[in-house]
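Structure first, then comments.
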Amino acid sequence: MAQCGVQLTAVIVANAMPSEFALIDRIRQRARTRADVELGIGDDAALLRVPAGQWLVVSTDTLVAGRHFPDDTQAADLGWKALAVNLSDLAAMGAAPAWCTLALTLPRDEDARGATDSWVEAFLDGFLELADAHGVALVGGDTTSGPLSITVAVHGFVPEGAALRRDAARVGDEVWVTGTLGDAAGGLAQWRGRGLQSAKLRHRLDRPTPRVAEGIALRGLARACIDVSDGLAADLGHVLAASGVGAELELGRLPTSGPLAEQFPDEDARWRLQLSGGDDYELCFTAPAAEAFAIEQALAACDTFATVVGRVVAGTGLALRTPDGEAFALATAGFDHFPGQA
Ligand code: ADP
Ligand code: MG
């Protein structure tokens with residue numbers, strides 16, 4: 001229906017940013033491709049080749065201004081983080097990332113001409129730095145105007161049947177976490193307090209490291225796995241609910257960075273950051289105790305360490321114990337976008 005098509009085009013042009021097509025062209029120029037991309041940015045959709053014997057693993061995540069990052073976050077850091085949080089989801093499945101798409105909603109730069117262009121260039125610096133580091137090709141997306149919001153989708157592969165799922169924890173498994181916990185939450189708490197800020201903690205908030213190689217290395221060793229985006233208590237809670245088990249965590253074992261221990265010397269406050277604070281993007285996984293040595297070796301080969309913080313038990317929910325053996329109560333498990341709604 002030609003008439004219908006004409007009307008639709010008029011609406012799209014009226015809503016488009018003035019330089020939408022120039023922006024897309026610039027993104028296309030800067031993005032690298034890979035051999036399994038038959039057709040990338042430029043057509044109505046991308047054409048991609050999935051290797052035989054592999055499952056396609058797909059995930060998407062959005063960052064919204066005023067909700068997911070401090071308003072003074074640099075554009076390059078936002079670019080990095082928008083991709084990092086998505087790669088982290090693939091890592092938690094044990095998948096190898098291959099492709100991504102990028103939907104950008106950007107405020108119009110009515111007063112400052114060229115501000116959008118330079119913002120996008122800086123955003124791409126961070127986004128493509130991480131994409132290139134993981135050999136991920138940007139194969140498409142969408143560009144619109146509105147309040148700043150960034151949606152990325154990532155696609156990767158896992159050998160058939162080898163994915164690390166939330167529902168695979170078993171009673172008796174050990175509960176592990178990679179790296180250290182609470183740094184990003186510490187950085188965010190300091191930014192909110194508008195006091196002294198540790199550059200190291202802030203860096204962990206702005207430039208999280210997706211544990212991609214680690215997720216792949218854990219195939220066949222770990223049972224259940226999840227990435228810590230909303231806080232250890234909430235995210236491990238998802239694993240427990242999906243697996244129909246409970247867990248006991250020992251707070252004295254929570255892996256703590258030097259900067260976090262220095263900036264938050266009070267144990268109680270620090271544990272709360274480590275349990276309820278999000279944005280760490282470490283992996284939390286469960287595994288049979290017999291795999292402990294193999295896990296340490298596999299992660300050492302990725303230049304990463306992991307720590308056993310507790311064990312899976314029969315029942316439901318998460319029991320927290322202080323080093324004195326006392327029960328520890330946590331008011332909120334983690335961030336919830338729709339609190340109180342079922
Ligand atoms: P359509 O109107 O058919 O949806 P668009 O004009 O939105 O096409 O996009 C044109 C091409 O540019 C498509 O291949 C799309 O995937 C790509 N594209 C649009 N915006 C982005 C972006 N922000 N990042 C990467 N590719 C993009
Ligand atoms: Mg489009």
Side-chain angles (χ1 to χ4, degrees), residues 1-50 56-65 67-69 73-90 97-109 112-156 210:
M1 295 204 300
Q3 204 188 349
C4 188
V6 167
Q7 277 172 352
L8 191 59
T9 303
V11 170
I12 289 171
V13 169
N15 285 335
M17 300 174 36
S19 54
E20 176 190 335
F21 299 107
L23 277 179
I24 295 173
D25 208 44
R26 184 66 191 141
I27 293 171
R28 190 177 51 77
Q29 281 169 12
R30 290 194 57 182
R32 288 199 210 160
T33 184
R34 28 186 280 161
D36 52 12
V37 178
E38 176 67 30
L39 190 59
I41 296 172
D43 211 310
D44 294 310
L47 299 174
L48 308 165
R49 290 188 211 94
V50 181
L56 179 64
V57 186
V58 178
S59 183
T60 190
D61 245 327
T62 297
L63 296 184
V64 177
R67 171 114 311 189
H68 290 108
F69 50 86
T73 305
Q74 299 293 309
D77 291 336
L78 267 184
W80 174 285
K81 187 163 180 173
L83 182 59
V85 303
N86 278 276
L87 292 179
S88 177
D89 282 320
L90 287 199
W99 313 304
C100 65
T101 59
L102 169 63
L104 276 177
T105 302
L106 304 172
R108 291 165 195 250
D109 54 342
R113 289 187 71 81
T116 303
D117 293 348
S118 56
W119 190 93
V120 169
E121 292 294 344
F123 177 90
L124 290 174
D125 289 344
F127 188 94
L128 295 176
E129 181 185 346
L130 186 62
D132 292 349
H134 288 277
V136 171
L138 175 60
V139 298
D142 200 21
T143 306
T144 56
S145 63
L148 178 61
S149 166
I150 304 144
T151 298
V152 174
V154 285
H155 311 76

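Sequential numbering from 1 along the given sequence is applied to the chain's residues. Bear in mind the structure is a predicted one, so any value in this text is a computation, not a measurement. Counting starts at 1 for both ligands and their atoms, in listed order.
An N or O contact shorter than 3.5 Å is missing between F21 and ligand 1 by distance. At least one N or O atom of G42 sits closer than 3.5 Å to an N or O atom of ligand 1. Considering backbone and side-chain N/O atoms, V139 never comes within less than 3.5 Å of an N/O atom of ligand 1.
Both the backbone and the side chain of T143 come within 4.0 Å of ligand 1, counting heavy atoms alone. The backbone of D43, and not its side chain, has at least one atom closer than 4.0 Å to an atom of ligand 1 (non-hydrogen atoms only; backbone = N, CA, C, O). Of all the heavy atoms of I27, the ones lying under 4.0 Å from any atom of ligand 1 belong exclusively to the side chain.
Here the shortest heavy-atom pairing between W119 and A75 reads NE1-CB, 3.5 Å.
Just one of T105, L78, L104 meets the side-chain contact (heavy atoms from CB on, under 4.5 Å) condition when paired with L148; it is L78.
The local environment of CZ in R30 is crowded, with over 12 non-hydrogen atoms from other residues, nucleotides or ligands closer than 6.0 Å. Within a 6.0 Å sphere centred on CD of E121, other residues, nucleotides and ligands contribute more than 12 heavy atoms.
Which parts of ligand 1 touch D44 is read off a 4.0 Å heavy-atom cut-off, strictly below it: atoms 3 (O).
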Listing, residues 80-90 side-chain donor-acceptor contacts under 3.5 Å, not counting sequence neighbours, or none:
| residue | atom | partner | partner atom | Å |
| --- | --- | --- | --- | --- |
| W80 | NE1 | P208 | O | 2.8 |
| K81 | NZ | L205 | O | 3.0 |
| K81 | NZ | D279 | OD2 | 3.3 |
| N86 | OD1 | D61 | N | 3.0 |
| N86 | ND2 | A82 | O | 2.9 |
| S88 | OG | D227 | OD2 | 2.6 |

Show every donor-acceptor pair shorter than 3.5 Å between a side-chain atom in residues 34-43 and any protein atom, with sequence neighbours excluded, or say none if there are none.
| residue | atom | partner | partner atom | Å |
| --- | --- | --- | --- | --- |
| R34 | NE | D36 | OD1 | 2.9 |
| R34 | NE | D36 | OD2 | 3.3 |
| R34 | NH1 | G135 | O | 2.8 |
| R34 | NH2 | D36 | OD2 | 2.7 |
| D36 | OD1 | W99 | NE1 | 3.0 |
| E38 | OE1 | R49 | NH2 | 2.2 |

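Closest heavy-atom approach to atom 17 (C) of ligand 1 within the set V152, I41, L106: this belongs to I41.
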